[in-house]
Trainee: 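What follows is a structure written as C-alpha cells; I'll ask about it next.
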Amino acid sequence: MYVQLSSFLLVPTYKGRHISRIFPLLQGRCLLFSAAANSLHRTSDGYENNAKKFNFDRLFKSCTQLEHAKRLHAIVVVSGKADNIFFSSKLVNLYAYLGNVSLSRHTFNQIAKKDVFTWNSMVSAYVRSGHFREAIDCFYQFFMTSGLRPDFYTFPPVLKACKNLLDGMRMHCLVLKLGLEWDVFVTASLVHMYTRFGFLGSARKLFNDMPVRDMGSWNAMISGYCQNGNAAEALDVLNEMKLEGITMDPVTVVSILPICAQLDDTLNGMLIHLYAIKHGLEFDLFVSNALINMYSKFGQLEHAQKVFNHMVERDVVSWNSIIAAYEQNDDPHTALGLYYNMKPTGLNPDYLTLVSLSSIVAQLSDSRNGKSVHGYVLRRGWLLKDVISGNSIVDMYSKLGIMDSARAVFEALPVKDVVSWNTLITGYAQNGLSSDAIEVYDMMQECNITPNQATWVSILPAYSNVGALQQGMRVHGRLIKNNLYLDIFVGTCLIDMYGKCGKLGDAMSLFLEVPKTTSVPWNAIISCHGIHGHAEKALKLFREMREEGVKPDHITFVSLLSACSHAGLVDEGQWCFHVMQAEYGIQPILKHYGCMVDLFGRAGHLEMAYDFIKSMPVKPDASIWGALLGACRIHGNIDLATFASDRLFEVDSENVGYYVLLSNMYANTGKWEGVDKVRALARDRGLRKTPGWSSIEVNNKVDVFYTGNRSHPSSEEIYKELRNLTDKMKSLGYTPDYSFVLQDVEEDEKEHILMSHSERLAIAFGIISTPPKTPIRIFKNLRVCGDCHNATKLISKITEREIIVRDSNRFHHFKDGVCSCGDYW
DNA sequence: ATAGGGTTAG
C-alpha cells in the first residue's frame, strides 16, 4: 500500500508545521503521505489509540491548499473508504473550507447513504462558502425528503444563512417544532438572527428567557446591539455580564471597540485596550485589527501604528485597517508606502484595499495611477460584483476632476445604490458642474431612489450655485415633511441656498431655528450677509456667536474678512484679523492674507496692501498678487499692476482669471501687444479662458446663457427687447463704456458686444418671460461687467423691477436705478 | 466527528 500511494503523494509545497509536531522524526517531502498512510492503516487494523493520535482530523486541518485535499481524497478513495460516511463528510467540509463548494457538492452526491451528519456538513459547507441561498435549499431538501430529523447542529448555520426575517421566523418555528430551543447554540443563533434584521426586542426576549448563557450568547446580544448602533443597550448587557462574574473574551472586546470609536470615547477605548493587555488578548488578530480601527477613528495614528507594529500575525484586514487609518487622516503618502509594504508579505489586496487605494490616488491627484486602480478593480471583476468598489472608483474620478470617466463608470454599474447616485451628484457639484448635478438628481428621482441626507447636502449647493430657488424650496418642503430640515448639515445647506438665492430674510429665519452649537451654521449666515454687502450685520452675528460661546474657526474669519473688504470696513477687518490670532490662536492661512490685501487694496490703500504683503511670514502665492492686481485695476495704478503681475506669473498661477484680468488692463489702455503677450502666456501654460455664463430660473427650470449666444429658443425676442431697452437707457443718459470691451474692434461692434453679454441676455429673458414688476434673479459665474452694472441700474428703473444679480463675488441688488453695493465692489 | 457570537467601507 505504501508503494501504491507514494505516486499520489509527492508533496513539493507542503508546509510541515502541523505534521512535524505529530511526527517529529519524519520530515521531508512525503510527510503527508506517511501520516495519511499510517493513520489509515492503524484505523483499519483496529489500533484505536494510534488512530486517535494520528487522527485524520489533524490531517484534514493541515490541508491548506486544494491540492492537499484532492490528494487526501485520493487516499480515501484508493483505500476503499469512499463509502465511509465519516471520511466523506469530512471531505465535504474540507472542500468548503478551501473555497470549492462544487467539489463539496460532488463528494456529497457520491455518498450513497447520507446521515444527519452528512447533511449537516453539506449545509454548513454552503454557509461557510457564502452560498446562503443554496444552503437554505439544501436544508429544505434534507428536511422534506431525507426522512431524517435535523438536529441542534443543523440550525446554527442555517440561521446564519437566512437572508430575511421571514426565512428566519420560519426556522424559528421549526426549531420549536423539533423541540431544539433548549440548546444554547441554537438559541444564541436565533438571538443573532433577530438582531441582524433589526428586531432587537425579539432577540432580547429570547436572550432574557435563556436558562443558561454561554459566552457566545452574551456576545450575540452585545454584538447585536453594537451593530445596530444601540451603544447604551450594549453597555447595559455588558454590565449585566460583569455582574454575573463573566469576563470579556476576544469576541466581546472586538464587538465593543467599534462602539468606543463611534462614541469618540477615547477613555473607555484605552481602558479596554488595557484590559486586553492584562488578559492576554493583546495579540489576538481580531482584537488588534479592531484596535487599529478604533485608534484610527480617534485620529491617534501613533497608537494605531504601535498596535500594528506589535502584531505577531497580520491578515488583509490588518493591512487594510492601517492603510485606511493613514488615508482617512490625510496622510496619503504614508498610506501608499504601507500599500507597497503589503505586497511582499504575500497577502493579496482585496476590494477594501482598493477602496482605500482609490481614495489615496484621489488625494494625491494622481490621475495616471487612478487609471491603474480602475483597471485593477475592473480586471478582478469587483466593479461588477460589488457596489462599494464601483462607488469608490466613481468617487475617485470625481475627485480627480475627470467627470467623463466618473459618469462612464457610474453608467456601467450593474447595481446602483443611493451612495452611487450621491457620489456622482457630489462629483458634478464639487467640480462646478451644477446643472449636470441637477440633471442627475432628476434622473435619480425618476428611478425612484429615496434620497438621504448626503443627497440633500450635495444637491442644495448645486441649486444655490445656479440660483434654482424654486427647486430649492421644493426640497425644503420635502425636508420639512421628513423632519430633516433641522439637521445641522442639511439646515446649513438650506441657509446657504436661501442666502445665495437672494432670500436673506428666509435664510435668517431658518438660522434662528437650527441648532447653533457649532460654527457651521454661523459661518453660513455670516457669509451670506457678507456677500449681500451687510458687513455690519455679519459683525453683529459674530459678536452674538462669541456671546453664545461658539468657537469660530478659520472659515468664520474668511467670511468676516471678505464681508469687511466688500463693504470697505478697513478698521473692522483689521480688528477681526487681530482677534482671530490673539483670542482664538488661529494662524492665518493664505486665504486670510488674501482677504486682507483685498481689504486694503479695494479701499484704495494700495501702499498698505503692498506693505502688508511684504510683512507676511509666508510666501505670497498667486491669489495674493491677484488681489493686489485686482485693486490696481479698480484704482488704475498701472505701475504697481505691472509689478504685481510680474510676481504673479513667477509663481506660475493656474488660475485663468488673473491672466484675463491683466489682459483686460492692457486692453483698457489700448496696449494690444501686452494683451497678445498675456494670451500667449496663458496658452503656453495650457489655460483656457473660462466662458462667462449667466443663469435665470423661470418656471422651475434653469436657463443658462453664454455671452453672444443666439441658440436660445427665445433669442429673437431677447435681442429685440435689448435693443428696445438700450434706446430707453440712452434717453436717460446712458453711454456705453467701451473700456469693458476687450476686443480691438469698431465702435458699432463694441456696442453690440456689450449688449450680448450673458448677464444682459438673462435679464432680458427674465423681463419677457415673467409678469411685469416681478423681481428678477440672475446668476453670473464670473464678476459682473462694469458696463452691465450701469445698464442694470437703468433697466431696474425703466422696468420698475427689482433685479438681483449674484456674481462670483457678491450680490447686487438693483432697485429704482441704484445698486445696493453703492458702486463699491 | 458536525454548530453560534467578532474587526475594515464608498
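In what follows, chains carry the letters A, B, and so on, assigned in the order in which the sequence lines appear, proteins first and then strands, with residues in each chain numbered from 1. All values below come from the heavy atoms of this structure, side chains included, with hydrogens, waters and symmetry mates left out.
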Trainee: Just checking, A/Arg314 and A/Phe308: is the charged tip under 6.0 Å from the six-membered ring centre and within 45° of the axis?
Mentor: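 Yes, a cation-pi geometry.
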Trainee: Students often mix this up, so state it plainly: with edges at 30° and 60°, are the rings of A/Phe139 and A/Phe143 parallel, tilted or perpendicular?
Mentor: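 Ring orientation, 0 to 90° scale: parallel.
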Trainee: Need one value for A/Asp284: base, sugar-phosphate or nothing, where a base atom within 4.0 Å counts as base even if backbone is also close, heavy atoms only.
Mentor: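 If one applies the 4.0 Å heavy-atom cut-off, A/Asp284 turns out to touch a base.
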Trainee: What nucleotide, of B/dG10, B/dG6, B/dA3, holds the atom closest to the side chain of A/Asp183?
Mentor: B/dA3
Trainee: Is it the case that B/dG4 (base atoms only) and A/Asp214 (side chain only) share a donor and an acceptor within less than 3.5 Å, ignoring hydrogens and angles?
Mentor: yes
Trainee: Given atom CD1 of A/Ile449 and atom P of B/dG10, what is their separation to the nearest angstrom?
Mentor: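 It is 20 Å, rounded to the nearest whole Å.
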Trainee: So what does A/Phe155 touch, heavy atoms closer than 4.0 Å: a base, only the sugar-phosphate, or nothing?
Mentor: nothing
Trainee: Taking any heavy-atom pair under 4.0 Å as a contact, classify A/Asn320: base, sugar-phosphate, or nothing.
Mentor: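 Here A/Asn320 touches the bases of the nucleic acid.
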Trainee: Which part of the nucleic acid, if any, lies within reach of A/Ser121 when heavy atoms closer than 4.0 Å are counted: base, sugar-phosphate only, or nothing?
Mentor: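 Here A/Ser121 touches no strand at all.
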Trainee: What's A/Ala188 touching, base or sugar-phosphate or nothing? Going by heavy atoms closer than 4.0 Å.
Mentor: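 Since a base atom lies under 4.0 Å of A/Ala188, the category is base.
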Trainee: Measure from CG on A/Leu257 to P on B/dG6 and round the result to the nearest Å.
Mentor: 14 Å
Trainee: Please report the distance, rounded to the nearest Å, between CD1 in A/Ile292 and P in B/dA9.
Mentor: 12 Å
Trainee: Counting only side-chain heavy atoms from C-beta out, which of B/dG5, B/dA3, B/dA9 sits nearest to A/Ile388?
Mentor: B/dA9
Trainee: I want to verify a distance call: between B/dG6, B/dA3, B/dT8, whose nearest atom is closest to the A/Val251 side chain?
Mentor: B/dG6
Trainee: Remember a base hit wins even if backbone is also touched, and classify A/Met294 as base, sugar-phosphate or nothing at under 4.0 Å, heavy atoms.
Mentor: nothing
Trainee: From the options B/dG6, B/dG4, B/dT2, select the nucleotide whose nearest atom is closest to the side chain of A/Pro250.
Mentor: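 It is B/dG6.
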Trainee: Of all the choices, B/dG6, B/dA3, B/dT7, which nucleotide is nearest to the side chain of A/Phe185 once you look at every atom?
Mentor: B/dA3
Trainee: Whether the A/Asn320 and A/Asn289 side chains hold a donor-acceptor pair (N or O, under 3.5 Å, no angle test) is what I'd like checked.
Mentor: no
Trainee: Measure from the side-chain heavy atoms of A/Ser217 and tell me the nearest of B/dA3, B/dG4, B/dG10.
Mentor: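 Nearest nucleotide to the side chain: B/dG4.
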Trainee: Do A/Tyr397 and A/Arg407 have side-chain N/O donor and acceptor atoms under 3.5 Å apart?
Mentor: no
Trainee: Heavy atoms under 4.0 Å, any strand shown: does A/Asn293 hit a base, just sugar-phosphate, or nothing?
Mentor: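 Sugar-phosphate, backbone atoms only, no base.
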Trainee: A/Phe142 vs A/Trp119 aromatic rings, parallel, tilted or perpendicular, using cut-offs 30° and 60°?
Mentor: parallel
Trainee: I want to check one thing: is the phosphate of B/dT7, taken as OP1 and OP2, less than 4.0 Å away from some side-chain N or O of A/Lys297?
Mentor: no
Trainee: What nucleotide, of B/dG5, B/dT2, B/dG10, holds the atom closest to the side chain of A/Met215?
Mentor: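 Looking only at side-chain atoms, A/Met215 lies closest to B/dG5.
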Trainee: Quick one: is A/His192 getting a side-chain N or O under 4.0 Å of the B/dG4 phosphate, OP1 or OP2?
Mentor: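 No, no such contact exists.
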Trainee: Using the aromatic ring of A/Phe286 (for Trp, its six-membered ring), decide whether it stacks on the base of B/dG6 within the limits of 5.5 Å and 30°.
Mentor: yes
Trainee: Does OP1 or OP2 of B/dG5 have a side-chain N or O of A/Arg196 closer than 4.0 Å?
Mentor: no
Trainee: May I have the step-by-step check of salt bridge (charged side-chain N to carboxylate O under 4.0 Å, His left out) for A/Glu411 and A/Lys416, ending in yes or no?
Mentor: CA-CA 9 Å; A/Glu411 304 272 359; A/Lys416 303 176 178 67; 5.7 Å; no
Trainee: Quickly work out the A/Trp382 CH2 to B/dT8 C1' distance and round it to whole Å.
Mentor: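 Rounded to the whole Å, the gap is 14 Å.
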Trainee: Please report, rounded to the nearest Å, how far the C1' atom of B/dG4 is from the CG atom of A/Leu206.
Mentor: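 A/Leu206 atom CG is separated from B/dG4 atom C1' by 14 Å.
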Trainee: Confirm from the modelled atom types if A/Asp417 and B/dG10 form a donor-acceptor pair under 3.5 Å, side chain to base only.
Mentor: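 Such a pair is found, so the answer is yes.
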Trainee: Provide, to the nearest angstrom, the distance between the CE atom belonging to A/Met248 and the C1' atom belonging to B/dG6.
Mentor: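 Taking atom C1' of B/dG6 as the reference, CE of A/Met248 is at 14 Å.
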Trainee: Counting only distance, no hydrogens or angles, is the base of B/dG5 paired donor-acceptor with the side chain of A/Asp249 under 3.5 Å?
Mentor: yes
Trainee: A/Met193 CE to B/dG4 P: how many Å, rounded?
Mentor: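 Distance check: A/Met193 CE to B/dG4 P gives 15 Å.
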Trainee: Kindly point out which of B/dT8, B/dG5, B/dA3 is positioned nearest to the side chain of A/Phe152?
Mentor: B/dA3
Trainee: Keeping to residues at least two apart or across chains, list the salt bridge (charged side-chain N to carboxylate O under 4.0 Å, His left out) pairs with something in residues 381-399 of chain A.
Mentor: A/Asp395-A/Lys399
Trainee: Hey, does A/Ser223 reach any base, or is it just sugar-phosphate, or nothing, if we go heavy atoms under 4.0 Å?
Mentor: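 Sugar-phosphate, no base atom in range.
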Trainee: Distance check: side-chain N/O of A/Gln227 vs OP1/OP2 of B/dG6, anything under 4.0 Å?
Mentor: yes
Trainee: Between B/dG10, B/dG4, B/dT7, which nucleotide gets closest to the side-chain atoms of A/Ala290?
Mentor: B/dT7
Trainee: Between B/dG6, B/dG5, B/dT2, which nucleotide gets closest to the side-chain atoms of A/Val287?
Mentor: B/dG6
Trainee: What contact category does A/Val419 fall into here, base, sugar-phosphate, or nothing, at under 4.0 angstrom with non-hydrogen atoms?
Mentor: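 It contacts base atoms.
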